[in-house]
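One structure below.
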Amino acid sequence: MTNPILSETASDLTTGFTPHPSAAAQRYADAGLFPQQPLWRVLDQAADRTPGAPAVTDASTDGPRTLTYASLREAAIRRAAGFTAAGLAPGERVIVQLNNSAEFAITLFALLRAGVAPVMTLPAHRRTEIVHLAQSSGAVAYITEDGRRGFDYRDLAGELRTTVDTIRTVFIDGDPGPFTSLPESDPGAVTLPDAAETEPDSPALFLISGGTTGLPKLIARTHNDYAYNARRCAEISALTDTDTYLVALPAAHNFPLSCPGILGTMIAGGHVVLTDNPSPDNAFDLIERHRVTVTALVPALAQVWCAATEWEPADVSSLRLLQVGGAKLAEPDAIALDAALGNVVQQVFGMAEGLICLTRLDDPRELVHAVQGAPISEFDEIRVVDDQGGDVADGDEGELLVRGPYTIRGYYRAPDHNLRSFTDDGFYRSGDKVRRLPSGHLAVTGRIKDTVVRAGENVAADDVEENLLAHRSIRQAAVIGLPDDALGERICAVVVLSHEHPRTQALDLSSVRSFLTERGLASFKLPDALTVVPSLPLTAVGKIDKNALKATLATH
Ligand code: OOB
């Protein structure tokens with residue numbers, strides 16, 4: 001099957017890539033924001049500075065394996081030579097789908113060294129997403145692993161090869177079956193690209209859009225913008241070579257990859273520990289064993305960690321920064337985390353498309369609990385607009401639009417989406433509803449399109465959710481609209497009970513409605529149905545997946 005979007009020049013990396021307009025690019029470059037080097041140099045420079053320092057520890061296997069910066073660089077160069085000898089050429093795209101491991105780091109840097117652009121898919125992606133991403137990127141190879149962890153990616157590889165005809169090679173970490181093992185070659189036997197051959201404003205890698213509607217889109221991040229993203233996050237989080245960062249979320253996601261994540265930790269010369277098991281019993285042990293200082297979680301996992309501090313015996317006092325982002329961290333949860341772990345929370349509001357907001361280390365704790373952060377760059381241009389596109393006053397709610405040095409000007413090879421997702425003057429329409437404080441901090445209040453249209457009234461899901469979360473018995477809440485003959489849509493509240501709720505008692509709709517009424521919620525916003533579930537479905541990175549919920553509940 002060939003992709004009709006792709007033209008004859010589809011093999012070219014920059015076909016379908018939207019760079020910054022030249023005036024903006026010049027302004028960013030003149031300000032010295034960008035390193036003007038291939039992203040590969042992040043590892044190369046750390047290996048020059050501190051060759052013997054630990055770079056990555058793979059805690060995903062039974063016997064942990066540590067690579068120093070020098071040995072990681074050497075392994076990456078040998079693998080880059082292997083990929084080149086196997087026929088991968090500079091500018092080509094490959095799909096990478098690996099679990100958190102040292103192989104992930106070696107492979108990522110190997111591809112960057114070989115000038116090949118990885119498409120950073122997540123382990124939870126399946127056939128629909130992988131086929132779509134391979135087609136839209138024109139990928140020539142698929143790099144994944146065997147069936148060690150309950151899912152056999154070699155089956156997916158077989159389907160991919162028969163469906164997408166650009167895929168020439170499949171490389172497997174582990175038992176390759178009918179495919180090829182991850183390669184290694186003598187770098188003397190091949191020609192790897194020179195730093196000077198890399199255009200630093202061209203795509204270094206592709207992230208996947210996190211949206212839960214439709215198929216994911218490709219986000220091209222350049223050598224310059226991605227290094228800048230990682231460096232600013234590392235500076236704001238005050239990372240140094242004494243820090244150890246635990247990768248507990250899927251490593252290919254922007255948050256643990258570059259905010260500051262793996263790349264930011266390496267820019268600072270620190271140590272990266274990777275695990276694919278973020279459960280508190282495993283993660284707390286790793287924090288104790290490796291004296292982990294920084295890690296990043298989504299709110300659902302952070303809640304689990306917070307509860308586990310009550311019974312897990314491991315000493316986690318080395319942790320100085322617990323970054324939480326990807327979805328809204330409720331204020332009571334932020335307060336509880338700070339209390340349980342000692343004022344370690346940093347809120348992170350970010351997107352693969354670019355903009356990253358962080359709370360600052362010296363922000364008052366009350367502010368850290370209440371807002372999702374402030375932009376990391378003085379060059380980030382933020383607008384908060386009403387539905388006519390006019391700017392709202394500070395403190396008022398509106399849609400967040402953003403433009404800046406590390407925010408894309410267009411999705412890769414998606415002209416139709418770009419017409420909708422970007423303004424004429426190049427602002428990205430995030431779809432997020434925010435309030436901006438005079439200090440520049442942003443509080444995220446919801447998604448602009450996340451509404452239930454009930455009997456002609458528009459009800460914002462987040463409004464009802466926030467009020468539900470104030471109920472002692474409710475730990476998590478998702479409000480969705482379900483088709484209804486009489487109302488158009490009916491409001492369905494799906495909740496997870498808190499530990500404070502008496503086990504023997506049901507939570508009933510009428511008592512929840514009375515509770516919400518007492519809080520002052522308008523009667524047309526009250527849920528028509530209440531469903532109690534043991535847990536909510538999550539996306540590939542661990543955000544509440546409302547589409548999955550709607551699909552399950554609509555069939556009931
Ligand atoms: C991160 O990136 P994506 O691309 O998976 O998702 C971006 C979207 C945002 O537009 C927003 O809707 C939501 O996820 N989001 C948050 C949030 N952080 C992200 N909503 C509320 N509060 C937050 N703190 O999710 C991502 C990328 C880099 C760093 C952190 C998260």
Side-chain angles (χ1 to χ4, degrees), residues 120-122 124-125 129 206-213 216-219 221 225-226 229-230 232-234 236-237 245 247-264 294-302 321-331 333-334 337 345-359 368-376 380 382 397 399-402 406-408 411 421 428-435 441-450 461-462 465-466 469 478 538-547:
M120 308 302 292
T121 72
L122 307 182
H125 285 133
E129 292 92 12
F206 293 88
L207 301 175
I208 309 306
S209 68
T212 45
T213 47
K217 296 179 280 292
L218 289 165
I219 294 166
R221 301 296 300 263
D225 89 58
Y226 214 46
N229 187 124
R232 278 304 290 150
C233 289
I236 291 167
S237 304
Y245 178 96
V247 186
L249 294 175
H253 189 271
N254 190 29
F255 188 9
L257 187 57
S258 189
C259 305
I262 298 175
L263 293 172
V294 185
T295 190
L297 297 178
V298 290
L301 256 177
L321 208 54
L322 177 64
Q323 298 188 294
V324 186
K328 172 85 174 263
L329 177 67
E331 192 167 349
D333 290 340
L337 278 168
V345 171
Q346 178 181 48
Q347 294 220 38
V348 184
F349 166 44
M351 50 203 73
E353 288 81 358
L355 179 69
I356 304 295
C357 298
L358 300 175
T359 55
V368 170
H369 300 155
V371 300
Q372 278 60 56
I376 59 169
D380 284 323
I382 303 289
E397 217 170 55
E399 184 187 5
L400 167 71
L401 309 185
V402 57
Y406 58 95
T407 296
I408 54 167
Y411 290 106
S421 300
Y428 168 59
R429 298 183 202 270
S430 70
D432 291 320
K433 220 162 52 172
V434 303
R435 287 187 292 109
H441 289 82
L442 299 178
V444 181
T445 53
R447 297 278 302 163
I448 49 162
K449 292 208 182 102
D450 192 6
D462 55 79
E465 286 160 4
E466 202 177 298
L469 286 175
L538 301 177
T539 65
V541 74
K543 311 181 191 199
I544 293 172
D545 188 346
K546 287 197 174 180
N547 289 327

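Note that these values count all heavy atoms, side chains included, but never hydrogens, waters or copies made by symmetry. Counting convention: from 1, in listed order, for ligands and their atoms alike.
The part of H253 lying near ligand 1 is the side chain, judged by heavy-atom distances below 4.0 Å. When heavy-atom distances to ligand 1 are checked against a 4.0 Å cut-off, M351 comes that close through both its backbone and its side chain. With a 4.0 Å heavy-atom cut-off, ligand 1 is reached by no atom of V324. Contacts of A352 with ligand 1, taken as heavy-atom pairs under 4.0 Å, involve both backbone and side chain.
Ranked by closest heavy atom to atom 19 (C) of ligand 1, the top entry among S430, G350, P256 is G350.
No side-chain heavy atom of L401 sits less than 4.5 Å from a side-chain heavy atom of Y428. Side-chain contact between V324 and L337 is present, with at least one heavy-atom pair separated by less than 4.5 Å. Looking only at side-chain heavy atoms (C-beta outward), S209 and M351 stay at 4.5 Å or farther from each other. In this structure the side chain of R429 reaches within 4.5 angstrom of the side chain of E399, judged on heavy atoms. Between L321 and T295, every side-chain heavy-atom pair lies at or beyond the 4.5 Å cut-off. Within the 4.5 Å cutoff, no side-chain heavy atoms of L301 are placed close to those of P299. Side-chain contact check for Q323 versus L297: every heavy-atom pair is 4.5 Å or farther apart.
For G326, a nitrogen or oxygen atom sits less than 3.5 Å from a nitrogen or oxygen atom of ligand 1, counting backbone and side chain alike. Between V348 and ligand 1, at least one pair of N/O atoms sits closer than 3.5 Å. In terms of polar-atom proximity, defined here as any N/O pair under 3.5 Å, S209 makes no such contact with ligand 1. At least one N or O atom of D432 sits closer than 3.5 Å to an N or O atom of ligand 1. Polar contact check, I208 against ligand 1: no nitrogen or oxygen pair lies under 3.5 Å apart.
Applying the 4.0 Å criterion to heavy atoms of Q372 picks out, from ligand 1, the atoms 22 (N), 24 (N). Near K328, with a cut-off below 4.0 Å to any heavy atom, the atoms of ligand 1 are 20 (N), 21 (C), 22 (N). With ligand atoms numbered from 1 in the order given, ligand 1 contributes 27 (C), 28 (C) to contacts under 4.0 Å with heavy atoms of N254. In summary, the atoms of ligand 1 found under 4.0 Å from a heavy atom of R447, numbered by their order in the structure, are 10 (O), 12 (O). Numbered from 1 in the order shown, with element, the atoms of ligand 1 that lie under 4.0 Å from a heavy atom of F255 read 28 (C), 29 (C), 30 (C). Each of the atoms 28 (C) of ligand 1 lies under 4.0 Å from some heavy atom of I356.
Counting only distance, with no hydrogens or angles, the side chain of K217 and the backbone of I208 share no donor-acceptor pair below 3.5 Å.
Looking at K546 and E465, a side-chain N of the basic residue comes within less than 4.0 Å of a carboxylate O on the acidic one, giving a salt bridge.
Between T445 and E397, the side chains place a donor N or O and an acceptor N or O closer than 3.5 Å (distance only, hydrogens not considered).
In this structure, K543 is part of the shell of residues with a heavy atom less than 4.0 angstrom from ligand 1.
Atoms CG and NZ, on L469 and K328 in that order, are 9.5 Å from each other to the nearest 0.5 Å.
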